[in-house]
Amino acid sequence: MSEDHAGLVLRPADRSDDAELRRLNAEAFPANPKTRADITAWQWWDNPFGETIAHVWEDDGRLVGQYIAYRIPARFGGEPGRIAIGVDLAIAPSHRGQGLGGPLIDACFGQATDEGTPFYSYPNQMSVGGVSRGGWVQVDQLEVRVLPTGGRWRPLRVLGARVRMPSGIDVEVLDVPPDDVDALWSAVERHHPYGVDRGVDWWRWRYAEHPDRPYRILAARRGGSLVGLSAVITRDDLGGRFHCLLELLAIDGTAARAIVAAVRDGAVGSADGIATTGVPGSRLSELAGQAGLLRVPPRLLSRPIYFGVVPHPTIVPDPTAVPWSTAWGDLDHI
C-alpha cells in the first residue's frame, strides 16, 4: 500500500526500518527510549504476542512520520484475544503541519480492525484530537490514587491514611515474577473481563524480559499461596518521588493492603509516596482504595490520562459499554 502526499509515500514498516525509526524517534522525541535498538527489539520486533503494526511516511528514503502499535494478550468478555496498543505517533519537526498524522492513524486503525485486533491507546493532549477523528472512542479519564509517605509532597498530605500490615501475609521482593502467577490470575481474572490478560506470559515479557528490568516485583503469600502481586518502579512524577504500582493483582483488599504496607515500610526504598492509576470503578481502583490509596482530585494533576478504544464491529462494538481493566504497566514508557 502506498499513497502519494506532496511527494511523500505512506507505507507499512517492518524490522528492516528499525534504524530509521529509531533516528526519527530521536529527532521527534529525544527522551523516547525507542531510540535504543534493544528496546525496539523487545517491544516491537521480538514481541511474542504477534506482529507489530507500523506505518510510516517516507520522503526520499528518509522516514519523516510513524505510528506504531504492538500487540499484547487480552481478554474480551472473558475470552482470550489480542489488543494492539498504539504508541509513538511521531512526525519529524521538518514535516509538521502537513496533515501527516491522520493517514498514519487511519492506516494503523484499519489494519488492526481488518486483522481482528481491537486497538487502544492512551493519547496525550497533543494527539487526542487526531485519534478521535480517526475513530478512537474515549472510555474514561484514568484516576490517580496516592498514599503520601514522606513530608516533601504537600498535596493530600493531611489526608494520609494509616495502613497496617495484615497478619498472616508475607510479602517478598523479587527481581522477576514468580512461577505461580497463573494460579493468582485464574483466581481473579473474572474481575478483569476486558483488558490485558495478566497471566504469566504478560508478566514475563513486560517485566522480566525488559532490557533494563528497572522493576521490583512484590509477591504476597498467605500460607504459601500467592494472593497478591505488584510490579513497582520508583520515579519522579506527580511533583515528587513516588513508588509507582504498575500492577496490583490481589485476591482481596487485605492482600492489596499487605503489598502497599510493605512498600510504605521501605521494601523497595524510600519515596514521598505510593501511587497507581486505573479506570475509575475498576477492580484495581477498588483494591487501591481498600489498601489506603486516596484519589487525587483532577485539578491537582498536571495532565489528564486519557484511555480509549477503537470500536471493533464484532469483538467490542461499543467500548464505553463494557468494564475495562487497565494498569499503569499498560503504558509502554514507564
Practice task
Would you confirm whether Asp212, through its side chain, and Pro214, through its main-chain N or O, come within 3.5 Å as a donor-acceptor pair?
Solution key: no
Problem - Donor-acceptor pair, side chain of Asp197 and main chain of Gly199, under 3.5 angstrom - result: yes
Exercise for the section: Can you see which heavy atom on Ile105 is nearest to which on Tyr67, and at what distance? Expected result: CA-CD2, 3.8 Å
Handout entry: Hphob cluster co-occupancy, Val176 + Trp202, side-chain heavy atoms under 4.5 angstrom
Key = no
Exercise for the section: Walk me through it: do Tyr120 and Phe307 pass the test ring pair (Phe, Tyr, Trp, His ring centres under 6.0 Å)? Expected result: CA-CA 8 Å; Tyr120 75 34; Phe307 165 64; 5.3 Å; yes
Exercise for the section: Check Ala41 against Arg15 and note the closest heavy-atom contact, atom names and distance. Expected result: CB-NH2, 3.8 Å
Fill in the blank from the handout: side chain to side chain contact (heavy atoms under 4.5 Å, CB included) with His243: of Val263, Thr276, Leu147, only one passes, and it is Val263
Completion exercise
Correct closest heavy-atom pair for Leu248 and Ser230 would be CD1-CB, 4.5 Å
Problem - His312 and Thr113 side chains, donor-acceptor separation under 3.5 Å - result: no
Problem - Interatomic spacing from OH in Tyr70 to CD1 in Ile83 - rounded to 0.5 Å - result: 11.0 Å
Practice task
Determine whether Ile91 and Leu104 make a side-chain contact, defined as any pair of heavy atoms from C-beta on separated by less than 4.5 Å.
Solution key: yes
Practice task
State whether a side-chain donor-acceptor pair under 3.5 Å links Asp18 with Thr40.
Solution key: yes
Practice task
Please report the C-alpha distance between Tyr194 and Trp324 in whole Å, then the side-chain angles of each, then the deciding distance to 0.1 Å, and finally whether the ring pair (Phe, Tyr, Trp, His ring centres under 6.0 Å) criterion is met.
Solution key: CA-CA 5 Å; Tyr194 286 83; Trp324 292 93; 5.6 Å; yes
Practice task
Report the residue from Arg22, Arg11, Arg62 that forms a salt bridge (charged side-chain N to carboxylate O under 4.0 Å, His left out) with Asp17.
Solution key: Arg11
Problem - Beyond-backbone contact of Leu100 with Leu10, side-chain heavy atoms, under 4.5 angstrom - result: no
Handout entry: Any donor-acceptor pair under 3.5 Å from Arg36 side chain to Ile39 backbone
Key = no
Handout entry: Side-chain donor or acceptor of Asp330 paired with backbone N/O of Thr326 under 3.5 Å
Key = no
Practice task
Would you kindly say whether Arg71 and Thr117 are connected by a side-chain donor-acceptor distance under 3.5 Å?
Solution key: yes
Exercise for the section: Pick out which of Arg283, Arg206, Arg198, Arg216 makes a salt bridge (charged side-chain N to carboxylate O under 4.0 Å, His left out) with Glu247. Expected result: Arg198
Problem - Residue pair Val56 / Ala13: nearest heavy atoms and the distance that separates them - result: CG1-CB, 3.7 Å
Handout entry: Criterion side-chain contact (heavy atoms from CB on, under 4.5 Å) on Arg145 and Ser285, from CA distance to verdict
Key = CA-CA 8 Å; Arg145 286 182 173 268; Ser285 178; 3.3 Å; yes
Handout entry: Val316 and Val322, any side-chain heavy atoms less than 4.5 Å apart
Key = yes
Problem - Rounded distance [0.5 Å steps], CG in Leu287 versus CG in Asp252 - result: 8.0 Å
Practice task
Report the C-alpha distance between Leu21 and Gln66 in whole Å, list the side-chain angles of each, state the deciding distance to 0.1 Å, and finish with yes or no for side-chain contact (heavy atoms from CB on, under 4.5 Å).
Solution key: CA-CA 8 Å; Leu21 287 166; Gln66 65 169 36; 3.2 Å; yes
Handout entry: salt_bridge(Arg241, Asp272) N-O dist < 4.0 Å
Key = no
Problem - Test item: Arg303 side-chain N/O and Asn124 main-chain N/O as donor-acceptor pair under 3.5 Å - result: no
Practice task
Evaluate the side-chain proximity of Tyr207 to Leu246: yes if any heavy-atom separation is below 4.5 Å, no if none is.
Solution key: yes
Practice task
Taking the side chain as every heavy atom from C-beta outward, state whether Phe242 and Arg235 have any atom pair closer than 4.5 Å.
Solution key: no
Problem - Stepwise side-chain contact (heavy atoms from CB on, under 4.5 Å) check, Gln43 with Val87 - result: CA-CA 11 Å; Gln43 187 182 84; Val87 294; 4.2 Å; yes
Handout entry: Heavy-atom pair of closest approach, residues Pro178 and Leu226
Key = CG-CD2, 4.1 Å
Practice task
Decide if the gap between the ring center of Trp205 and the ring center of Trp42 is smaller than 6.0 angstrom.
Solution key: yes
Exercise for the section: Please work out whether the ring planes of His192 and Trp185 are parallel, tilted or perpendicular, with thresholds of 30° and 60°. Expected result: tilted
Exercise for the section: Taking the side chain as every heavy atom from C-beta outward, state whether Val296 and Leu301 have any atom pair closer than 4.5 Å. Expected result: yes
Exercise for the section: Please check if any side-chain donor atom of Thr35 sits under 3.5 Å from a side-chain acceptor atom of Asn32, or the reverse. Expected result: no
Practice task
Give a yes or no on whether the backbone of Val279 and the side-chain of Asp140 come within a donor-acceptor separation of less than 3.5 Å.
Solution key: no
Problem - Within one Ile-Leu-Val-Met-Phe-Trp-Tyr cluster: Ile53 and Leu24, side-chain cutoff 4.5 Å - result: no
Practice task
Quick one: do Asp88 and Lys34 satisfy salt bridge (Lys or Arg N to Asp or Glu O under 4.0 Å)? Show the steps, please.
Solution key: CA-CA 9 Å; Asp88 304 320; Lys34 272 31 121 26; 2.5 Å; yes
Practice task
Flag yes if more than 12 heavy atoms outside Asp179 fall under 6.0 Å of its CG atom; otherwise flag no.
Solution key: no
Problem - Side-chain heavy atoms of Pro311 within contact of Pro317, under 4.5 Å - result: no
Handout entry: Heavy-atom check, side chain of Gln138 versus side chain of Trp136, under 4.5 Å
Key = yes
Problem - Whether over 12 other heavy atoms sit under 6.0 Å from Arg96 CZ - result: yes
Practice task
Quick one: pull up CG in Asp201 and CG in Asp182 and give me the separation to the nearest 0.5 Å.
Solution key: 7.0 Å
Practice task
Count the heavy atoms belonging to other residues, nucleotides or ligands that lie under 6.0 Å from CD of Glu51, then report whether that count exceeds 12.
Solution key: no
Exercise for the section: For Ser121 and Ile85, indicate whether the former's side chain and the latter's backbone hold a donor-acceptor pair under 3.5 Å. Expected result: no
Completion exercise
Between the CD1 atom in Ile259 and the CG atom in Leu229, the distance rounded to the nearest 0.5 Å is 6.5 Å
Practice task
Nearest 0.5 Å please: distance from the CG atom of Leu293 over to the OG1 atom of Thr277.
Solution key: 11.0 Å
Exercise for the section: Check whether Ile251 and Leu249 end up in the same hydrophobic cluster, where Ile, Leu, Val, Met, Phe, Trp and Tyr are linked by side-chain heavy atoms less than 4.5 Å apart. Expected result: yes
Practice task
Could you pull out the closest heavy-atom pair between His55 and Cys108, with the gap in Å?
Solution key: CD2-SG, 3.6 Å
Practice task
Output the distance between atom CG (Asp175) and atom CZ (Arg213), rounded to the nearest 0.5 Å.
Solution key: 6.0 Å
Problem - Donor-acceptor contact present, side-chain Thr52 to main-chain Trp44, <3.5 Å - result: yes
Exercise for the section: Using modelled atom types only, decide if a donor and an acceptor are shared between the side chain of Ser132 and the backbone of Val128 within a distance under 3.5 Å. Expected result: yes
Exercise for the section: Give a yes or no on this: more than 12 heavy atoms of other residues, nucleotides or ligands lie within 6.0 Å of atom CG of Asp60. Expected result: no
